[in-house]
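What you see below is based on every heavy atom in this structure, not just the backbone, and it leaves out hydrogens, waters and symmetry mates. All figures in this text were calculated on a predicted structure; none of them were measured in a lab. The residues of the chain are indexed from 1 along the displayed sequence.
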Amino acid sequence: MKTVCVTGASGYIASWIVKFLLRRGYTVKASVRDTSDPNKTQHLLALDGAKERLHLIKANLLEEGSFDAVVDGCDGVFHTASPFFLSTTDPEAELINPALKGTLNVLRSCAKTPTVKRVVLTSSIVAVFANGKPRTPEVVVDETWWSDPLFCRQMQQWYMLSKTLAEEAAWKFVKEKGIDMVAINPAMVIGPLLQPTLNTSSAAILNLINGAEAYPNVTSGWVNVKDVANAHILAFENPSANGRYCMVESVAHFSEIANILRGLYPTFRLPEKCADDKPFVPTYQVSKERAKSLGVEFTPLEESIKETVESLEEKNFVKPTPAI
């Protein structure tokens with residue numbers, strides 16, 4: 001079987017990509033920032049097939065050439081490493097540089113490695129829709145949309161900016177170097193956690209069930225982590241895969257997420273009101289056509305929410321419900 005590498009392998013999506021690749025018989029070279037940190041490595045080493053076919057390699061996104069050894073001898077590269085958090089004091093250092101420079105560092109290593117047949121880049125839906133165009137129920141967002149870096153800067157949406165700049169730079173670089181690349185653009189990713197630490201998108205669900213007074217006035221696309229991981233592998237294995245693939249099972253306001261949780265867990269203390277009294281941010285549509293053409297089958301939102309909560313409970317992130 002082929003050898004592939006996964007960057008940022010300890011992350012939420014990447015851990016599932018590693019799990020599915022091992023299950024399919026691949027040999028996986030996995031980059032992590034710190035190979036001596038059990039929080040980053042233990043859950044990967046415990047996966048089926050890890051003993052025989054998983055190699056952990058230390059690499060740093062901002063260190064030029066540090067991915068040469070990771071990419072060496074690989075047929076495919078899954079570049080998922082990129083920071084995701086919403087509050088930052090230094091967006092350039094904490095978000096933009098690791099996303100942008102890190103992506104180019106990985107791609108430079110790929111350009112030196114003749115065995116690499118295809119790169120699958122983990123981008124984001126935020127590199128698609130952040131452009132000031134209205135998003136209302138009749139609007140259908142698709143892969144032809146691009147976020148506008150100027151708009152992201154004006155709105156101080158630093159994570160959106162980091163993913164947009166990184167994906168733009170990646171397409172420019174692979175075009176110049178003749179590298180075959182496919183991008184996966186997921187929305188808010190939820191579902192079971194393999195890693196022991198809490199990630200940003202799972203935290204959005206955890207906040208609702210851990211006693212938040214109000215839900216945010218935010219509408220978001222949602223998708224299951226297993227579907228996203230599967231899409232990456234389909235994008236690598238399917239010779240006709242090309243361009244970008246939006247991964248959004250449904251678009252829902254946080255009020256709807258709270259309602260689904262209420263239906264599933266009637267004993268949980270869930271927020272009843274919105275964090276502001278403005279009209280709810282409208283929902284919109286995201287085209288599933290390209291994702292389905294890749295062979296993706298989406299997990300329904302309710303099932304994804306249930307899997308997220310069960311996983312958060314199992315990992316003891318959920319506070320016990322006070323007796324009423």
Under 3.5 Å donor-acceptor, [X] side chain and [Y] backbone:
X: S162; Y: I96; answer: no
X: S147; Y: V128; answer: yes
X: T283; Y: A252; answer: no
X: D148; Y: G132; answer: no
X: K29; Y: D72; answer: yes
X: R262; Y: P271; answer: yes

Donor-acceptor pairs under 3.5 angstrom involving side-chain atoms of residues 202-213: please list them, not counting sequence neighbours.
unit_1	atom_1	unit_2	atom_2	d
S202	OG	N199	OD1	2.9
S202	OG	N199	ND2	3.2
N207	ND2	A203	O	3.3
N210	OD1	K319	N	2.8
N210	ND2	F317	O	3.0

Same cluster (ILVMFWY, side-chain, under 4.5 Å), [X] and [Y]:
X: V281; Y: V251; answer: no
X: V140; Y: F298; answer: no
X: I257; Y: L198; answer: yes
X: V223; Y: I260; answer: yes
X: L150; Y: L95; answer: no

Indicate yes or no: does [X] engage [Y] in a salt bridge with an N to O separation below 4.0 Å.
X: K292; Y: E297; value: no
X: K117; Y: D180; value: no
X: R244; Y: E167; value: yes

- Message: Under 6.0 Å from the ring centre and within 45 degrees of the ring axis: does the NZ or CZ of R53 meet both conditions for the six-membered ring of Y26?
- Response: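 Output no; distance or angle outside limits.
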- Query: Does NZ or CZ of R290 lie under 6.0 Å from the centre of the six-membered ring of Y245, at an angle within 45° of the ring axis?
  - Reply: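 R290 over Y245 ring: yes.
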- Query: Residues in ring pair (Phe, Tyr, Trp, His ring centres under 6.0 Å) with F67, at least two apart?
  - Reply: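 So F67 forms no ring pair (Phe, Tyr, Trp, His ring centres under 6.0 Å) with any residue.
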- Please list all pairs passing the ring pair (Phe, Tyr, Trp, His ring centres under 6.0 Å) test where one or both residues lie in residues 178-225, with sequence neighbours left out.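 Sorted pair list: W222-F254.
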Starting at [atom1] of [X], measure out to [atom2] of [Y] and round the result to the nearest 0.5 Å.
X: T35; Y: K58; atom1: OG1; atom2: NZ; answer: 6.0 Å
X: H55; Y: S31; atom1: NE2; atom2: OG; answer: 14.0 Å
X: D75; Y: T113; atom1: CG; atom2: OG1; answer: 11.5 Å
X: L194; Y: S311; atom1: CG; atom2: OG; answer: 8.0 Å
X: Y284; Y: T136; atom1: OH; atom2: OG1; answer: 11.5 Å
X: W16; Y: D227; atom1: CH2; atom2: CG; answer: 10.5 Å

Where is the tightest heavy-atom contact between [X] and [Y], given as atom of each residue plus distance?
X: S109; Y: D68; result: OG-OD1, 2.7 Å
X: D142; Y: C246; result: C-SG, 4.1 Å
X: R118; Y: A241; result: NH2-O, 3.2 Å
X: N185; Y: S123; result: ND2-OG, 3.4 Å
X: M160; Y: C152; result: CB-SG, 3.9 Å
X: L62; Y: N105; result: C-ND2, 3.7 Å

- Determine whether Y12 and S201 make a side-chain contact, defined as any pair of heavy atoms from C-beta on separated by less than 4.5 Å.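 In short, these two side chains touch, coming nearer than 4.5 Å.
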- Non-hydrogen side-chain atoms of E302 and L264 separated by less than 4.5 Å: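 Yes; the side chains approach each other to less than 4.5 Å.
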- Just wondering, are more than 12 heavy atoms of other shown residues or ligands nearer than 6.0 Å to CD in E289?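 No, CD of E289 has 12 or fewer neighbouring heavy atoms, counting only those of other groups under 6.0 Å.
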What donor-acceptor contacts under 3.5 angstrom involve side-chain atoms of residues 39-46, with partners at least two apart or in another chain?
unit_1	atom_1	unit_2	atom_2	d
T41	OG1	D37	O	3.2
H43	NE2	S15	OG	2.9

- ILVMFWY clustering at 4.5 Å (side-chain atoms), partners of M155: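 Listed partners: F151.
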- Message: Quick one about N224 and E307 (side-chain donor to acceptor, distance below 3.5 Å, no hydrogens or angles considered), yes or no?
- Response: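 Note: E307 and N224 side chains meet the donor-acceptor criterion.
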- Residues in side-chain contact (heavy atoms from CB on, under 4.5 Å) contact with E310, at least two apart in sequence or another chain: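 Partners of E310 under the side-chain contact (heavy atoms from CB on, under 4.5 Å) test: Y265, K306.
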